[in-house]
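Read the numbers this way: they start at 1 and go in the same order the structure lists the ligands and their atoms.
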Amino acid sequence: MADEVTRATGGSEEGGRPLRLAVIGAGMAGILSGIKLTEAGLDDFTIYEKADRLGGTWRENTYPGLACDVPSQLYCYSFAPNPDWSHLFSPGPEIQSYLDRVAREYGIDRRIRFGDEVTCCAFADGRWQLETAKGHHDEVDVVIAATGVLHHPKLPEIRGLDSFEGAMFHSARWDHAVPLDGVRIGVIGTGSTAVQITSALVERASHFSLFQRTAQWIMPQQNPAYTEEQKAEFRAHPEQLIDIHEKLSVLFAGFANAVVDADSAEMQDIEDACRVNLEQNVHDPELREQLRPDYRAACKRLIISPDFYEAIQQPNAELVTSGIERIEPAGVRTRDGVLHELDVLVLATGFRADAFMRPMRLLGRNGLTLDEAWAERPNAYLSISMPEFPNFFMLNGPNGPVGNFSLIDVAELQFGYVMQLVDRLWSGECREICATREAMDSFEAARTEAAKRTIWTTGCRSWYLDDRGIPATWPWPFTRFREEMQAPDPAAYDCR
Ligand code: NAP
């Protein structure tokens, strides 16, 4: 894949008119952008980061049990394999350290303006005018928005939430000053986050209550540690890591292909694996039925866990399914009248998935605001470009692949594509480039139609679904995404 990016930028070595660029966000995709821009010889750029540290989601999420459910050898840049991953699925802090290290090694950390949020991007006279929270002004030719998908915590609308007298926080705002050992812990939610927290905290809590509104299918997956011998072998033969990355990429593409076809045999295999996991590993019949979802596996984002069922069956763990009536100073009152007394309450209630790029103000041609362009909902041609927002490109933007894929793979492919658009600006072929309205509309129509065949529309509530019940994600096989990212279709772009 690194080669693809290099190829994409090939031919632009000579360059043309000088370009200044801004990258917004120093998470995984922003760091990638910095590395690839430098390699391409486009050295005049600044990465803007609102926080005082890079890392994006891996900086924001620090909850106990945090891990990536994409294998570590896949969840890393294709050009920067890591022989030192501790596990098949390594914990979050290791991923944060990896990103820190790669940024340092490629000299990208020095290119980041930390602690300064971009508050406004306005297109005027062919350039983007940026304003930051600290009053800094920048004028650039190209903006790459690497602002992330899920980073606005969604707090639950539950009566009395603020009345709780113990410690309470959202899973992405973990308060590490709060003691967890030997106390009564409650977690609201049963998404990927809550499941990881449950596995990590049951053994530490005196009593653990998991408040489940909707049961989840759990895909079993062991998480072996890499031995020191294996790591030494990887260090001696780094080419093995490239090979593993490629093989895992193909494997995950297989999974991605399954979920976009609800009737596929592969989808059936996934459902069977989840059902067997539930039947074989949850012993109490009543608990088993409480944990059994009434919708198809992978309709919600599939949860992968080696030990959630084991944790929730511990004697000090309780699955609470009676529904939350309200929060009280002492704990959570459920609809059956029971008060679940707690010392710590964790809101693992997810994120506002439609809050792409907000609260930044974005104004395209003729003062068109992002709020106007996205009045119905966020969308972008191939997830990357929007009509009337020239020279503004998104990585992991709306409608991209976000399922159980490696978002690093996705961002690398997208960046290779974006660089080909930037090349056209650099060479002087055009001064402004963005997707045409026709390309955007026909992409949107095809995407909406294809979405109806995916597993995500088979009858569940999830953050994938927009206000119409259409999943806001890539509805085709991953191979199609790869193909689309090879080269922009010139007819889809307004180049002037
Ligand atoms: P989520 O999947 O949106 O789950 C939120 C949970 O909170 C759901 O169980 C939801 O119940 C529950 N909830 C929300 N409001 C509630 C209310 N008012 N009362 C009771 N329950 C309520 O959020 P998440 O677990 O943070 O995960 C979000 C995404 O982050 C994942 O889908 C994934 O893409 C990513 N993630 C990835 C990893 C990884 O390992 N790669 C780990 C963590 C997160 P309902 O189901 O009934 O709506």
Side-chain angles (χ1 to χ4, degrees), residues 28 56-58 60-72 74-75 87-92 94-95 148-161 169-174 186-200 209-219 221 223 252 255 259 291 293-295 298-306 308 319-327 332-335 340 345-355 396 400-410 456 459-465 471-473:
M28 166 280 288
T57 196
W58 303 104
E60 301 267 302
N61 286 283
T62 58
Y63 60 79
L66 174 70
C68 186
D69 60 12
V70 174
S72 304
L74 180 59
Y75 196 83
H87 287 77
L88 184 59
F89 301 90
S90 299
E94 261 184 64
I95 301 170
V149 186
L150 299 171
H151 62 279
H152 293 295
K154 195 174 80 190
L155 298 181
E157 288 171 14
I158 302 177
R159 257 194 314 142
L161 195 63
F169 40 81
H170 186 270
S171 54
R173 298 285 180 272
W174 200 272
V187 173
I188 299 179
T190 48
S192 305
T193 301
V195 161
Q196 291 182 342
I197 293 171
T198 301
S199 297
S209 310
L210 182 64
F211 296 92
Q212 170 183 289
R213 184 165 72 179
T214 311
Q216 289 270 14
W217 288 109
I218 309 284
M219 182 83 170
Q221 175 64 60
N223 187 18
F252 263 66
F255 174 81
V259 292
L291 286 168
D294 60 2
Y295 56 87
C299 181
K300 284 171 176 287
R301 184 186 190 273
L302 191 61
I303 296 182
I304 296 171
S305 173
F308 170 68
L319 183 75
V320 182
T321 58
S322 22
I324 298 173
E325 175 70 30
R326 61 176 177 268
I327 310 289
V332 176
R333 176 84 62 182
T334 43
R335 289 201 197 111
H340 302 263
L345 179 57
V346 179
L347 310 173
T349 44
F351 299 86
R352 289 181 45 221
D354 63 344
N396 285 312
V402 296
N404 290 66
F405 310 99
S406 165
L407 285 189
I408 301 191
D409 253 12
V410 172
W456 305 310
C460 65
R461 168 175 48 203
S462 87
W463 67 262
Y464 290 158
L465 301 179
T473 57

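Less than 4.0 angstrom separates some heavy atom of Ile188 from each of these atoms of ligand 1: 20 (C), 21 (N). Residue Gly189 approaches ligand 1 through these ligand atoms, each under 4.0 Å from one of its heavy atoms: 6 (C), 7 (O), 9 (O), 12 (C). Atoms of ligand 1 found under 4.0 Å from any heavy atom of Tyr63, numbered from 1 in the order shown, are 42 (C), 43 (C). The atoms of ligand 1 that sit less than 4.0 Å from any heavy atom of Trp463 are 2 (O), 3 (O), 28 (C), 29 (C), 31 (C), 32 (O), 34 (O). The contact set between ligand 1 and Ala348, taken as ligand atoms under 4.0 Å from a residue heavy atom, comprises 5 (C), 6 (C), 7 (O). Atoms of ligand 1 lying under 4.0 Å from at least one heavy atom of Lys300, given by number and element, are 45 (P), 46 (O), 48 (O). Close contacts of ligand 1 with Thr190, meaning ligand atoms under 4.0 Å from a residue heavy atom, involve 6 (C), 8 (C), 9 (O). Near Arg301, with a cut-off below 4.0 Å to any heavy atom, the atoms of ligand 1 are 31 (C), 32 (O), 33 (C), 34 (O), 41 (N).
In terms of protein heavy atoms, atom 30 (O) of ligand 1 is closest to Leu150 CD1, 3.4 Å. Summary of contacts: the protein heavy atom closest to atom 27 (O) of ligand 1 is Thr193 OG1, 3.7 Å. The nearest protein atom to atom 4 (O) of ligand 1, hydrogens excluded, is given as Gly191 CA, 3.7 Å; this is a heavy-atom distance. At the shortest separation from atom 36 (N) of ligand 1 among protein heavy atoms lies Ser192 CB, 4.1 Å. For atom 10 (C) of ligand 1, the nearest non-hydrogen atom of the protein is Arg213 NH2, 4.2 Å. At the top of the distance list for atom 45 (P) of ligand 1, counting protein heavy atoms only, stands Thr214 OG1, 3.5 Å. The protein atom (non-hydrogen) at minimum distance from atom 23 (O) of ligand 1 is Gly350 CA, 3.2 Å. Looking only at protein heavy atoms, the nearest one to atom 18 (N) of ligand 1 is Pro156 CB, 3.3 Å.
Checked against Asp69 for a side-chain hydrogen bond (donor to acceptor under 3.5 Å, both in side chains), the options Gln221, Arg301, Gln196 give a single hit: Arg301.
Nearest-residue assignment for atom 41 (N) of ligand 1 (options Thr349, Asp69, Ile158; heavy-atom criterion): Asp69.
Contacts between Gln196 and ligand 1, counted as non-hydrogen atom pairs separated by less than 4.0 Å, involve the side chain only. At a heavy-atom distance under 4.0 Å, no atom of Tyr75 approaches ligand 1. Under 4.0 angstrom from ligand 1, the non-hydrogen atoms of Phe351 all belong to its side chain. With a 4.0 Å heavy-atom cut-off, ligand 1 is reached by no atom of Ala172.
Shown here are the side-chain hydrogen bond (donor to acceptor under 3.5 Å, both in side chains) partners of Trp174, two or more places apart in sequence or in another chain: there are none. With sequence neighbours left out, Phe255 forms a ring-ring contact (aromatic ring centres under 6.0 Å, His included) with no residue at all.
Leu345 and Ile327 get closest at one heavy-atom pair: CD2-CD1, 4.0 Å. Between Ala353 and Trp463, the shortest heavy-atom contact is CB-CE3, 3.5 Å. Heavy-atom minimum distance, Gln216 versus Thr190: CG-O, 2.9 Å. Of all heavy-atom pairs between Thr193 and Ala348, the closest is CG2-CB, 4.2 Å. Closest non-hydrogen pair, Arg461 versus Arg213, comes out as NH2-NE, 3.1 Å. Taking every heavy atom of both residues into account, Ser209 and Val320 meet most closely at CB-CG2, 4.2 Å.
Put simply, no part of Tyr464 is less than 4.0 Å from ligand 1, judged by heavy atoms. Contact analysis leaves Ser171 out of contact with ligand 1, as no non-hydrogen atom separation drops below 4.0 angstrom.
Looking at heavy atoms from C-beta onward, Thr57 lies out of side-chain contact with Met28 at the 4.5 angstrom threshold. For the pair Thr214 and Tyr295, the minimum side-chain heavy-atom distance is below 4.5 Å. With a 4.5 Å cut-off on side-chain heavy atoms, Tyr75 and Ser90 do not count as touching.
Between the Thr349 side chain and the Lys154 main chain, a donor and an acceptor come within less than 3.5 Å of each other.
For an aromatic pair to be called close, the ring centres must be under 6.0 Å apart, and Phe351 with His170 satisfies this.
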